[in-house]
Novice: 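Can you keep this structure in mind? I'll have questions shortly.
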There are 2 protein chains.
Amino acid sequence: MELIDVFKALSNETRLNILQWLKEPEKHFPKQGAHLPKEVSIKGGVCVGDIQEKAKASQSTVSHYLNMMQKAGLLESVRYGQWTYYRRNEDFIRQLAEYFQTEI
Amino acid sequence: MELIDVFKALSNETRLNILQWLKEPEKHFPKQGAHLPKEVSIKGGVCVGDIQEKAKASQSTVSHYLNMMQKAGLLESVRYGQWTYYRRNEDFIRQLAEYFQTEI
DNA sequence: ATTGTATATCGCTTTTTTTCGATATGTCAA
DNA sequence: TTGACATATCGAAAAAAAGCGATATACAAT
């Protein structure tokens with residue numbers, strides 16, 4: 001785990017927002033999963049376009065953010081057709097919170 | 001609490017080290033508190049010079065780091081004569097860990 | 001095959017952060 | 001009050017990150 005990359009990923013308002021939106025995807029992305037079948041949408045993945053729209057940043061910026069957050073371990077992605085769905089990596093985040101409590 | 005400033009403060013190896021060194025000052029700063037009386041040293045404060053020496057960065061850089069970490073809430077300082085002693089703000093850090101667990 | 005759409009990547013400029021040496025401030029001791 | 005020392009602040013150069021439009025890639029549908 002590259003702890004510093006995690007903290008860097010969290011050092012930005014928009015990225016922090018994205019992480020929190022993805023805690024409750026159905027709440028923050030009402031039209032979520034208009035495309036794909038349940039077995040994907042049910043897991044709380046949201047596609048880049050939907051995230052971009054809400055984040056109000058350019059497509060390339062949001063794509064970059066999501067990639068960065070995934071590399072840090074905070075997110076995971078599933079590609080489904082032409083869409084890439086991102087969701088929180090809850091296991092990692094749970095571990096992280098534990099680590100934070102004991103080691104920071 | 002400016003969460004982002006906290007994460008920024010944690011996004012640097014040296015600063016992260018300092019925070020961890022200060023968990024066990026007597027272990028990492030053996031000659032700690034050569035100066036000041038117990039009522040200060042007992043609280044785990046370490047002076048800038050000692051931290052600088054261990055961190056192997058310039059005096060101005062370390063001073064800047066410490067200031068940044070204090071502004072973020074992670075550290076608190078006590079001035080004693082010509083020395084400034086920094087120690088962890090454990091209350092804040094505990095709160096932070098809790099926040100992390102529930103909100104991130 | 002071609003067109004349209006979603007996402008990723010590239011190249012670039014702007015902004016922010018890092019880091020330092022120099023200098024200022026504050027304190028102690030002679 | 002002068003000199004020595006600890007720390008803070010200033011100003012600037014270098015490095016890194018942010019953020020965009022343009023372009024590439026990958027897939028879908030016609």
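Keep in mind that the numbers below use all heavy atoms, side chains included, and drop hydrogens, waters and symmetry copies.
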Novice: Which angle, to the nearest 10 degrees, lies between the helix axes at the two ends of the helix from C:dA1-D:dT30 to C:dA30-D:dT1, each defined by five pairs?
Specialist: 20°
Novice: Think A:S63 has a side-chain N or O under 4.0 angstrom from the OP1 or OP2 of C:dT9?
Specialist: no
Novice: List the protein contact pattern of nucleotides 14-21 of chain C with one symbol per nucleotide (5' to 3'): B for base contact, S for sugar-phosphate-only contact, - for none; contact means a heavy-atom distance under 4.0 Å.
Specialist: ---SSBBB
Novice: How long is the span from the CG atom in A:N17 to the CG atom in A:L22, to the nearest 0.5 Å?
Specialist: 10.5 Å
Novice: Given atom CZ of A:F7 and atom C1' of D:dA16, what is their separation to the nearest angstrom?
Specialist: 19 Å
Novice: Indicate for each nucleotide in nucleotides 24-30 of chain D, in 5' to 3' sequence, whether protein heavy atoms under 4.0 Å reach the base (B), only the sugar-phosphate (S), or nothing (-).
Specialist: ---BS--
Novice: Nearest-Å distance, CD (A:E13) to C1' (D:dA17)?
Specialist: 17 Å
Novice: How far does CD1 of A:I18 sit from CG of A:N12, to the nearest 0.5 angstrom?
Specialist: 8.0 Å
Novice: Write down the distance between CD1 (A:I4) and C1' (D:dA17), rounded to a whole number of angstrom.
Specialist: 15 Å
Novice: Starting at CG of A:N67 and ending at P of D:dA18, how long is that distance when rounded to a whole Å?
Specialist: 13 Å
Novice: If I take atom OH from residue A:Y86 and atom CG from residue A:N67, how far apart are they, to the nearest 0.5 angstrom?
Specialist: 5.5 Å
Novice: Heavy-atom distance under 4.5 Å between the side chains of A:L10 and B:F100, does that happen here?
Specialist: yes
Novice: Between atom NZ in A:K71 and atom C1' in C:dT9, what is the gap in whole Å?
Specialist: 11 Å
Novice: Could you tell me whether the side chain of A:R79 and the main chain of A:G81 form a donor-acceptor pair under 3.5 Å?
Specialist: yes
Novice: Roughly how far, to the nearest 0.5 Å, is CG of B:L75 from CD of B:E90?
Specialist: 10.0 Å
Novice: With a 6.0 Å cut-off (strictly less than), is the heavy-atom count around NZ of B:K23, excluding the residue itself, greater than 12?
Specialist: yes
Novice: Between atom CE in B:M69 and atom P in D:dA8, what is the gap in whole Å?
Specialist: 14 Å
Novice: Is it possible for you to say whether B:L66 and B:M68 belong to one hydrophobic cluster, with membership spreading through side-chain heavy-atom contacts below 4.5 Å?
Specialist: no
Novice: Would you please classify the geometry between the A:W21 ring and the A:H28 ring as parallel, tilted or perpendicular, with 30° and 60° separating the classes?
Specialist: tilted
Novice: Using 30° and 60° as the class limits, which term best fits the ring planes of A:F7 and B:F7: parallel, tilted or perpendicular?
Specialist: parallel
Novice: Using atom CD1 of A:I51 as one end and atom P of C:dT7 as the other, report the distance to the nearest whole Å.
Specialist: 9 Å
Novice: When you compare the side chain of A:L96 with that of B:I104, does any pair of heavy atoms fall below 4.5 Å?
Specialist: no
